[in-house]
Amino acid sequence: NAGVTQTPKFRVLKTGQSMTLLCAQDMNHEYMYWYRQDPGMGLRLIHYSVGEGTTAKGEVPDGYNVSRLKKQNFLLGLESAAPSQTSVYFCASSGRGPNTGELFFGEGSRLTVL
Amino acid sequence: AQSVAQPEDQVNVAEGNPLTVKCTYSVSGNPYLFWYVQYPNRGLQFLLKYITGDNLVKGSYGFEAEFNKSQTSFHLKKPSALVSDSALYFCAVSPPTGTASKLTFGTGTRLQVTL
């Protein structure tokens, strides 16, 4: 009963390095999301996907790319990391049916960019 | 633009006492409202939601929330707090159209329950 799994859980990068965060869900959900959580700012949506092969920009998409090649996976990439991208990243998924807002979250990936 | 305000960064309550975590919102049309809880080093967990119907909605772990349209509020409540309720609580709002991509979260309120 894994739900939403994120890897890695922790990562330290140097400015300019690249990395990919992987999100996997086993609930057959159509929708998947990447958020970042920063102190005093709540959660902000980076990118999201409404189905396999589709992606869309959220509130704070700059500096990130995403891909959804398989329904169960949603990848978040940083091509050239910057200190401003130091944050905790959360992946979430939700089922079909509009407006439920019932998101299932992973446990987070803490990224530090030096 | 829609928004959510959680006016208290932290709420302190003694175990056994009732608790209230406040949330006010601004959105076009009838809102969809949600509460999530985050325990330390964990992801957010869904607690409850208001879509339509009874203004008092009940959720997980004995929590409930009251929707007040005239005051544009959706306060989270529990009759008797437990130490294990200590966590970070987020209110969220979305308009009645679109997917959860339209969900806006508040900045969170830390609930501290002490013996």
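So you know, we letter chains A, B, ... as the sequences are listed, proteins then strands, and number each from 1.
- With a 4.5 angstrom heavy-atom cutoff, B:Gln6 does not touch chain A via any of its atoms.
- Note: the hydrophobic cluster containing B:Phe46 does not contain A:Phe104 (ILVMFWY, side chain heavy atoms under 4.5 Å, direct or indirect links).
- Residues of residues 7-15 of chain B lying under 4.5 angstrom from chain A, judged on non-hydrogen atoms, do not exist.
- Residues satisfying the side-chain hydrogen bond (donor to acceptor under 3.5 Å, both in side chains) test with A:Arg44, not counting sequence neighbours, are A:Asp38.
- Summarising the geometry of B:Asn41 relative to A:Arg110, their closest heavy-atom pair is OD1-NH2, 4.3 Å, with the distance given to 0.1 Å.
- Annotation for B:Lys22: atom NZ does not count as buried by contact number, only 12 or fewer foreign heavy atoms lying within 6.0 Å.
- Side-chain contact between B:Tyr36 and A:Phe105: present, with at least one pair of heavy atoms (C-beta onward) separated by less than 4.5 Å.
- With a 4.5 Å cut-off on side-chain heavy atoms, A:Leu103 and B:Leu103 count as touching.
- Both the backbone and the side chain of A:Leu43 come within contact range of chain B, judged by heavy atoms closer than 4.5 Å.
- With sequence neighbours left out, B:Tyr61 forms a side-chain hydrogen bond (donor to acceptor under 3.5 Å, both in side chains) with B:Gln45.
- The contact between A:Gln37 and chain B is made entirely by side chain atoms (from C-beta outward), counting heavy-atom distances below 4.5 Å.
- Remark: aromatic rings of A:Tyr35 and B:Phe105 are close, center separation under 6.0 Å.
- In B:Asn30, the CG atom is not crowded: 12 or fewer heavy atoms of neighbouring residues, nucleotides or ligands sit closer than 6.0 Å.
- Cluster membership for A:Tyr33 and A:Val4, using ILVMFWY side-chain heavy atoms within less than 4.5 angstrom, is not shared.
- Using non-hydrogen atoms only and a strict 4.5 Å limit, the part of residues 82-92 of chain B facing chain A consists of B:Leu88, B:Phe90.
- Cluster annotation: B:Leu48 and B:Tyr39 are assigned to the same hydrophobic cluster (Ile/Leu/Val/Met/Phe/Trp/Tyr, side-chain heavy-atom contacts under 4.5 Å, transitive).
- Across A:Glu102 and B:Phe34, no two heavy atoms sit closer than the pair N-CE2, 4.3 Å.
- Note on B:Leu33 and B:Phe63: same hydrophobic cluster, where clusters join Ile, Leu, Val, Met, Phe, Trp and Tyr whose side-chain heavy atoms are under 4.5 Å apart, directly or indirectly.
- The neighbour count for A:Glu79 CD, taken as heavy atoms of other residues, nucleotides or ligands under 6.0 Å away, does not exceed 12.
- Rounding to the nearest 0.5 Å gives a distance of 4.5 Å between CZ of A:Phe90 and CD of B:Gln38.
- Placement of B:Leu47 and B:Phe74 within a single hydrophobic cluster is found when ILVMFWY residues are connected by side-chain heavy-atom separations under 4.5 Å, directly or transitively.
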